[in-house]
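One structure is given below, encoded as structure tokens.
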Amino acid sequence: MTVNYTVFMTNGLCRKYTLTENHMFTLIRTDEKTRARRGRLQTAHGPVELPTFMPVGTLGTVKGVEIGLLRETGSQMILGNTYHLSLRPGEQVVRALGGLHKFCGWNGPILTDSGGFQVFSLAKIRKINEHGAVFQSHIDGRRIELTPERAIEIQETLGSDIAMVLDHLVALPNDRDTIAEAMQRTVRWAKRCRDAATLETQMQFAIVQGGLEPDLRCECAAALAELDFPGYAIGGLSVGEPPERMYEIIEATTPAMPADKPRYLMGVGRPEDLLEGIKRGVDLFDCVMPSRNGRNAMAFTDNGPLRLRNAKYERDPRPLEEICPCPACRRSRGYLRHLFMAREMLGPVLLTIHNITYYQRLMTRAREAIEQGRYLEFYTARMAQYVSGGHS
RNA sequence: GGGAGAUUACCCGAGUGGCCAAAGGGGGCAGACUGUAAAUCUGCUGGCGAUGCCUUCGGAGGUUCGAAUCCUCCAUCUCCCA
């Protein structure tokens, strides 16, 4: 089903769009001093208020967090992974159990990553060519082929709301020819993904590559824009380059991405990275950081991260944050430290919940700030406190 | 009362003449983690004015160029025989 709708731009102009009902992106407000955007994305499983952060649930679970508790963190949309779920339990098993939403108990929107990042991160056990990538399964060593068409087939079988196209990342820094080649292949693969689509309830996001080369980034964004995807991502960043370089690339890339489509910065990042991204016009983020670092005893707060295994928290009676409503913050830092020192599983669980709650509170405050036209002030105050408050 | 064996750093434990400030594990301390092969990984863990010096292997003394390692005595613990 398709619908016509109108977006009222903050500059007073109107633009009309025709998209399927589940693919609507609405710009609610655009910040005047920065490129921050307050938007809304309609998916087959409900709306997503933007900007937002998506916790990573690679295998159909955000590790350690029961889905009801995950909902209480304020998360709107979560991630799943093509490569991992196709290996185990297999996408047909997921479908037989009612699709990814029913399978994992999350009835909100789900975005699935294409496996493009695994093509990169599992480089030692895969080979890649124009046709696609061939993996040696990290589980049993058997041969797995992942092509653009196969990536979409898996994601459609899983039944996610947003499917990512298969892309080609390269390590950074890298030479320009290698980056350009991977970028061009990413565009060709994006077209193959689009052409392979059969599921109306699923929208595809294309991924902008181009390493740390601003012109290649823009070239890629423009080429993908012609293919008219419902959303666009910036990929291949936060792979070891300094944060400033990443910001520069975001800065250079977002203007080349369609303003009337959601923009997703893949795999990013720390709280300050999210604020930097929003400032430059990014709408969606995902990152393992709140969950993985939470499992590893790091708690994110407005005053910067706390390493809870540190001895200074042994007798600290304070909660991680006074104003945080999460279950971890109903206990003392000393207790949480004890859980980690004793290797109790509740420690990683509670800190994961806290960190995701923190990220979502940050996003909620960012959305409010944009709505009220004071994002720059919010950004400035937050960044200052991350730096100055790092010793609580 | 007699016999055998033990005692090593915060804990357990290897080492039986120089390559030993002493393996390994635990514990502890610190750091890392950015589209999750990660409830993981990496350092450090006697002291110091530190490419070296000082003090340490139950205690005291001895043998030796040199001792955690060999000898003597003492202390403590374990097992066996009365």
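Residue numbering restarts at 1 for every chain, and letters A, B, ... go by the order of the sequence lines.
Close to B:G31, at under 4.0 Å from its OP1 or OP2, lies a side-chain N or O of A:N310. Using a 4.0 Å cut-off, some side-chain N or O of A:Q118 falls inside it from OP1 or OP2 of B:A37. Of the side-chain N and O atoms in A:R343, one or more sit less than 4.0 angstrom from OP1 or OP2 of B:G27. Contact check, A:R292 against B:A39: no side-chain N or O comes under 4.0 Å of OP1 or OP2. A sub-4.0 Å separation between OP1 or OP2 of B:U34 and a side-chain N or O of A:N293 is absent. Phosphate proximity of B:A37 to A:S121: present, with a side-chain N or O under 4.0 Å from OP1 or OP2.
Taking a pair to require two hydrogen-bonding distances under 3.5 Å in either a Watson-Crick or a G-U wobble arrangement, B:C79 pairs with B:G3. Judged by Watson-Crick or G-U wobble contacts below 3.5 Å, the nucleotide B:A38 has no partner. Using Watson-Crick or G-U wobble geometry with both donor-acceptor distances under 3.5 Å, B:G27 finds its partner in B:U45. Across all strands shown, B:A21 remains unpaired; no Watson-Crick or G-U wobble contact has both distances below 3.5 Å. Pairing for B:C33 is absent, judged as Watson-Crick or G-U wobble with the two contacts each under 3.5 Å.
RNA chain B is contacted by both A:G57 and A:P348; A:G57 maps to the nucleotide lying nearer its 5′ end (nearest heavy atom per residue).
Residues from residues 232-256 of chain A lying near RNA chain B, meaning a heavy-atom separation below 4.0 Å, are A:G236, A:S238 in numerical order. Sorted by residue number, the members of residues 61-79 of chain A with any non-hydrogen atom under 4.0 Å from RNA chain B read A:K63, A:L79. Residues from residues 279-289 of chain A that place a heavy atom under 4.0 Å from any atom of RNA chain B, listed by number: A:D286, A:C287, A:V288, A:M289. Within residues 145-173 of chain A, the residues that place at least one heavy atom under 4.0 Å from RNA chain B are, in residue-number order, A:D167, A:L169.
Residue A:E314 is classed as having no contact, given no heavy-atom separation below 4.0 Å to the nucleic acid.
Remark: A:R382 is positioned above the aromatic ring of A:Y386, its terminal NZ or CZ atom under 6.0 angstrom from the ring centre and at most 45 degrees off the axis.
Nucleotides B:C73 and B:C80 are separated by 25 Å at their C1' atoms, to the nearest Å. Comparing the same atom, P, in B:G25 and in B:C41 gives a spacing of 13 Å after rounding to whole Å.
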For this session: Give the C-alpha distance, both sets of side-chain angles, the deciding distance and a yes or no for ring pair (Phe, Tyr, Trp, His ring centres under 6.0 Å) between A:F53 and A:Y359.
Result: CA-CA 7 Å; A:F53 174 81; A:Y359 270 57; 4.7 Å; yes
For this session: Just do the side-chain contact (heavy atoms from CB on, under 4.5 Å) check on A:I162 and A:M77 with the steps written out, would you?
Result: CA-CA 10 Å; A:I162 300 174; A:M77 176 155 57; 3.9 Å; yes
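Put simply, the side chain of A:S291 and the base of B:U36 share a donor and an acceptor less than 3.5 Å apart.
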Considering only distance and modelled atom types, tabulate donor-acceptor pairs under 3.5 Å from the side chains of residues 87-94 of chain A, sequence neighbours left out.
{"from": "A:E91", "atom 1": "OE2", "to": "A:R150", "atom 2": "NH1", "distance (Å)": "2.9"}
{"from": "A:E91", "atom 1": "OE2", "to": "A:R150", "atom 2": "NH2", "distance (Å)": "2.7"}
{"from": "A:Q92", "atom 1": "OE1", "to": "A:R95", "atom 2": "NH2", "distance (Å)": "3.4"}

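No option in A:R35, A:R263, A:R280 other than A:R35 meets the side chain to side chain donor-acceptor pair (under 3.5 Å) test with A:T254.
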Show me the protein contacts with nucleotides 41-46 of chain B, counting only N or O atoms at under 3.5 Å.
none

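The nucleotide whose nearest atom lies closest to any side-chain atom of A:R295 is, among B:A39, B:A37, B:G35, B:A39.
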